[in-house]
Every structure is written in C-alpha cells, then in structure tokens.
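Down below is the structure, laid out as structure tokens.
Per chain, numbering begins at 1; letters A, B, ... match sequence-line order. We use all heavy atoms of the structure for the numbers below, so side chains are in, but hydrogens, waters and symmetry mates are not.
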There are 2 protein chains.
Amino acid sequence: MLAEPTRRRILDLLLERPHPVGELTARLGLTQPGTSKHLRVLREAGLVQVRIDAQRRWYELCPAPLAEIDTWLTPYRRLWATSLDALELHLETMGNDQ
Amino acid sequence: MLAEPTRRRILDLLLERPHPVGELTARLGLTQPGTSKHLRVLREAGLVQVRIDAQRRWYELCPAPLAEIDTWLTPYRRLWATSLDALELHLETMGNDQ
DNA sequence: CCGGTATATTCCCTTCTCGGTATATTCAAG
DNA sequence: CTTGAATATACCGAGAAGGGAATATACCGG
C-alpha cells in the first residue's frame, strides 16, 4: 500500500494542503484515470477523504491510518532509539551479510 | 511490502528474538518454502538479516528500513500529536485556505 | 561416503497491481 | 437541451506476488 511511491507522493502533496484531482494529475505526471485510481485505493484505505465542490473533488488527508502505523512501529522504535544501538546494528550488518 | 500480514507477523516474532526458519514455519502455520520466500523478500528489503550456524539460519531484525518509515512519518505526526497542536499548526500553515 | 535435517530454489497456477485508452457520469453555463 | 470541464469506471495487457509441490543445496553425525 504505502510501498507505492506514487501514493506516497500523493500523500506528501496532500500534506501541504487539499488538492483537486486535476492538480494532482499535473504534479504527478500521470494520466487523470491513473490518478483517480490511486485516489480510490487511498480512499478505501481511509487515508484520504473527498470534499465535493461542483465538479471538483478536493482530496485531503485522513491521518488516522498513519497514526496506526505509527503505533505499530512503537515497539520497534527501541531498536534505533540510541545512536549506540544503531551503530552496533549497522556494523553487524556490514560485517555479516550483504 | 508491510501490507502483507504474514510478513508483519514475521517481524513481530523477530522482535522477540532471532528465530531459525523452522520455528517461524511452525509458529506461522505455513509451509517451509513459503516461509523461506517471505524471508527472502524481507532480506532483499533489508528488513532482516541471517546469521548462519551450520544448517540453521537464524533470522533477526534489521531496523534501518523501519527507521526510514519512521522518518517519512515525521511530518505527518503533527496531524495527530494533540488536537490543540494540530489546530494551531493548521491555522499557522493554512490560515488563508477556505 | 551415506542418510537425515534445515533451508533455499524452481515450477506452476491464480490473483492482484499498475499503467494506459476508451467510455460513462455529473454538473455548470449558455 | 447541448456543450465542455472534471472526475470516475471499465477494460486490457504486462508483470509481480502469493501459495503449494517438488527438487536442490549445504551441513552434521556416523
């Protein structure tokens, strides 16, 4: 879901401010249907919501699912909490495998 | 990538402690090749690393990519930090919007 | 060297994803 | 009612992903 770079770019654009589909299309360099399909995925994942203004659809961020990821990440955070741990893990990585 | 529930379970198991493939297979209820293939994906994404001990492969967490997600998440965090902070930032950054 | 154990790789099939083109829908304006 | 703008949906093809079964590889004990 968030592995998709295009969708992360959409979220980054929506972090600035809400955008209508046409602007997103232009800034992403996609076709309009391509943009709409990403927006549909994001909508169904609850990451964005739409505000309808005549023919324009203003898409805006819905941060709740991101907050859930943030929560899921919590127990892992101790792994890089101190620079010492990070350095140890880094050296281990370099020395062992790839 | 992390949308895959099986892979999130693998990471959760590896958060406890390193595991050899056989234990992961048993605790996940997958076939052994299925487990190995998920581990390969996680390895190529840099999320786990292997320590070889005779025939056993001990898989352990590699937190760097998770730290990157944590970093990517940073600018979004203000959206749910506290409702008061969120409102303040909203007014600061989007004062002229609608 | 041989058998057994632990793991990886390959093949096959089905389902999903992403991008594009073409078409439908909705609404405002005239 | 017709036109044009903004957006959504349907459909198609290439490629990736997920799972199982079968097979290969690597290593230990004897």
Side-chain angles (χ1 to χ4, degrees), chain A residues 1-62 65-66 69 72 92-93 95-98, chain B residues 1-62 65-66 69 72 97-98:
Chain A
M1 166 77 244
L2 294 180
E4 242 297 304
T6 304
R7 281 197 284 267
R8 274 203 307 269
R9 287 194 58 205
I10 291 178
L11 295 182
D12 287 342
L13 290 172
L14 296 184
L15 182 59
E16 299 174 13
R17 56 177 175 77
H19 285 73
V21 181
E23 276 185 38
L24 292 175
T25 299
R27 299 186 65 176
L28 293 169
L30 287 183
T31 59
Q32 175 267 311
T35 307
S36 278
K37 278 184 286 187
H38 279 300
L39 289 170
R40 183 196 183 125
V41 174
L42 290 169
R43 216 186 320 129
E44 287 172 350
L47 280 158
V48 302
Q49 81 190 85
V50 201
R51 197 161 32 88
I52 297 179
D53 168 36
Q55 313 98 313
R56 259 190 202 80
R57 261 75 175 163
W58 291 86
Y59 277 86
E60 54 193 26
L61 265 182
C62 251
L66 292 177
I69 295 176
W72 176 79
E92 212 174 309
T93 302
N96 241 344
D97 186 35
Q98 60 169 344
Chain B
M1 167 75 246
L2 293 180
E4 242 296 307
T6 304
R7 280 196 288 263
R8 274 205 307 271
R9 285 194 61 204
I10 290 177
L11 294 182
D12 287 341
L13 290 173
L14 295 185
L15 181 60
E16 299 175 12
R17 56 176 174 78
H19 285 72
V21 181
E23 275 185 36
L24 292 174
T25 300
R27 298 185 64 175
L28 294 168
L30 288 185
T31 60
Q32 177 267 312
T35 306
S36 279
K37 278 183 287 188
H38 279 300
L39 288 171
R40 181 193 186 128
V41 174
L42 290 169
R43 215 186 320 131
E44 287 172 352
L47 279 158
V48 303
Q49 77 189 86
V50 201
R51 196 161 32 88
I52 297 180
D53 167 35
Q55 314 97 310
R56 261 190 200 78
R57 262 75 175 161
W58 290 87
Y59 277 86
E60 54 193 26
L61 266 181
C62 245
L66 292 177
I69 296 176
W72 176 80
D97 194 25
Q98 71 149 331

Distance in angstrom units between [X] [atom1] and [N] [atom2], rounded:
X     : N      : atom1 : atom2 : value
B:R51 : C:dA6  : CZ    : P     : 17 Å
A:L39 : D:dA8  : CG    : P     : 7 Å
B:W58 : D:dC27 : CH2   : P     : 18 Å
A:E44 : C:dC16 : CD    : C1'   : 14 Å
A:L42 : D:dT7  : CG    : P     : 16 Å
A:Q55 : C:dA29 : CD    : C1'   : 10 Å
B:E23 : C:dA6  : CD    : C1'   : 12 Å
A:D53 : D:dT7  : CG    : C1'   : 13 Å

Backbone of A:M1 reached by a side-chain donor or acceptor of A:R7 within 3.5 Å:
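Such a contact is found between A:R7 side chain and A:M1 backbone.
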Kindly give the heavy-atom pair with the smallest separation between [X] and [Y], and that separation in Å.
X     : Y     : result
A:A45 : A:P65 : O-CG, 3.6 Å
B:L11 : B:L42 : CD2-CD2, 4.3 Å
A:L39 : A:V48 : O-CG2, 4.0 Å

Residues in contact with DNA chain C, drawn from residues 25-38 of chain A - heavy-atom cutoff 4.0 Å:
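Those residues whose heavy atoms fall under 4.0 Å from DNA chain C, taken from residues 25-38 of chain A in numerical order, are A:T31, A:P33, A:K37, A:H38.
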Do B:R40 and B:E44 meet the salt-bridge criterion of a basic N to acidic O distance under 4.0 Å?
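Between B:R40 and B:E44 there is a salt bridge, with a charged N closer than 4.0 Å to a carboxylate O.
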Should B:E16 and B:R27 count as an ion pair when the cut-off is N to O under 4.0 Å?
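Yes, charged N to carboxylate O under 4.0 Å.
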DNA chain D-proximal residues of residues 11-22 of chain B, any heavy atom under 4.0 Å
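Residues of residues 11-22 of chain B under 4.0 Å from DNA chain D: none.
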Side chain to side chain contact (heavy atoms under 4.5 Å, CB included), that's the test. Do B:W58 and B:V50 meet it? Break it down for me.
CA-CA 6 Å; B:W58 290 87; B:V50 201; over 6 Å; no
By salt bridge (Lys or Arg N to Asp or Glu O under 4.0 Å), which residues pair with A:E23, not counting sequence neighbours?
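Once residues adjacent in sequence are excluded, the partners of A:E23 under the salt bridge (Lys or Arg N to Asp or Glu O under 4.0 Å) criterion are A:R17.
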Show, in sequence, the C-alpha distance, side-chain angles and deciding distance for B:L14 and B:I10, and conclude whether the side chain to side chain contact (heavy atoms under 4.5 Å, CB included) test is met.
CA-CA 6 Å; B:L14 295 185; B:I10 290 177; 4.1 Å; yes
If you compare every side-chain N and O of [X] against the phosphate oxygens of [N] (OP1, OP2), does one of them come in below 4.0 Å?
X     : N      : answer
A:Y59 : D:dA6  : no
A:R7  : C:dC18 : yes
B:R40 : C:dA8  : no
A:R57 : D:dT7  : no

